[in-house]
Amino acid sequence: MGSTQLPHGTEESLAATTAAAAAPGEPVEMVQLLGPDGKLGSDPVFSDYAKRIDPEKLRVFYTDMARIRRFDQEATALQRQGELALWVPLTGQEAAQIGSGHASQAQDYIFPTYREHGVALVRNVDLAELLKQFRGVSNGGWDPRENNFHLYTLVLAAQTLHAVGYAMGIQRDQKLASASDSTDPKAAVIAYFGDGASSEGDVHESMVFAASYNAPVVFFCQNNHWAISVPTEVQTKVPLANRAKGYGFPGIRVDGNDVIAVHAVTEWALEHAREGRGPVLIEAYTYRVGAHTTADDPTKYRESAEEAAWREKDPLDRLEKYLRAEGLADEAFFDQVKADGDELAKYVRSTTHGLEVPDIREAFASVYAEQHPLIAEELAWFEEYSAGFESDQEAAN
């Protein structure tokens, strides 16, 4: 495999960022522009990309992060009240999702896992529709072709294979378009996955294919430090971003709680992919503040002090500090953001209450395209089991 080419002569500037650790315990450089104190720093490469972000865009970043956090709180409450079968929280990862989502363009195609609610918001997916899957009344909830945002993937890491296959298809379509002098904008793909999924063979196979065929795909790993109850240091002995070097393409670790840096790095990576320079791996170094899902209890496997330390790095707090310090947002703005979040929560709650009650019998009908004797036997057992409750109720009356 040939050496990796970086655009605009940035090879030397990115050398420190993408360098592999010489020993497992050696730290890796991390791109950070906006620190936890709300002060904006600089980077030899990515500051140029950050300068493209005007004050209005920064306010949009904050608004979207605040709205998706409010949505997350409401969805969690809906699950606790029995309106959803399960919920997958994202609190703590807002900057990684909003920053990367806004770096994408309309023609780009997104392959999420099951936690990318912030990216769904950016891609204009109706969040109430998103909840249908978690209520059990839909296998998806939205048409992915409308927003170039794929259905949530519950099978760990499977979407990375889909993403590379789709990117290879884009690659071939664009070659045909070039031959016909098409003026359509070039597209790329983003594949989201977590640090736990990085241990799956699907991710390895995806990166092999992406590197071999120079596919226009950005692998976006949200390293939230916990694959359910397994810490990152068990998943990998070197920084995840360094794995890219083994496949021959750039790997960058970025502060996943810094929305400005995430946007800058993702914008660079997507340009790299669209220009035909091949894949990029981004490791967004962030933290899952809450539970893995509402069926999980993180107090069983991690210390509260760790969670408290990461709350000090909160992505919303640091951007709010910057907006206030620079005079880019006033109290009326923050009041309006809160009101908008409450309105969104009210909308998804009322819409969820209006959904039909899921019928588990439909699940039996969706296993095979045609009737199957084993499924029929299982359904008969379920009907008999359910009837027992009805008999008990009648006897009690």
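Residue numbers start at 1 and run along the sequence shown.
Side chains of Q93 and N224: a donor on one and an acceptor on the other come within 3.5 Å. Inspection of the S100 and Y192 side chains reveals an N or O donor paired with an N or O acceptor under 3.5 Å.
Within a 6.0 Å radius of CZ in R145, other residues, nucleotides and ligands contribute 12 heavy atoms or fewer.
In this structure, H117 has its ring center closer than 6.0 angstrom to the ring center of Y152.
Looking only at distances, a side-chain donor or acceptor of E116 sits under 3.5 Å from a matching main-chain atom of T113. Looking at Q171, its side chain does come within 3.5 Å of a backbone N or O of N214 through a donor-acceptor pair.
A heavy-atom distance below 4.5 Å is not found between the side chains of S198 and M207.
The aromatic rings of F61 and H102 lie tilted to each other, with the angle between the two planes from 30° to 60°.
In summary, of the residues considered (D255, D258, D37), a side chain to side chain donor-acceptor pair (under 3.5 Å) with R318 occurs for D255 alone.
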Starting from the C-alpha separation in whole Å, work towards a yes-or-no answer on ring-ring contact (aromatic ring centres under 6.0 Å, His included) for H263 and Y49. CA-CA 8 Å; H263 186 275; Y49 285 82; 9.1 Å; no
Evaluate the salt bridge (Lys or Arg N to Asp or Glu O under 4.0 Å) criterion for residues K186 and E275: first the C-alpha distance (whole Å), next the side-chain angles of each, then the deciding distance (0.1 Å), finally the verdict. CA-CA 8 Å; K186 291 184 177 180; E275 291 172 2; over 6 Å; no
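A salt bridge links K338 with D342: the closest approach of a Lys/Arg side-chain nitrogen to an acidic carboxylate oxygen falls below 4.0 angstrom. Between R288 and E307 there is no salt bridge, since no side-chain N of the basic residue sits under 4.0 Å from a carboxylate O of the acidic one. Between E83 and R135 there is a salt bridge, since a side-chain N of the basic residue sits under 4.0 Å from a carboxylate O of the acidic one.
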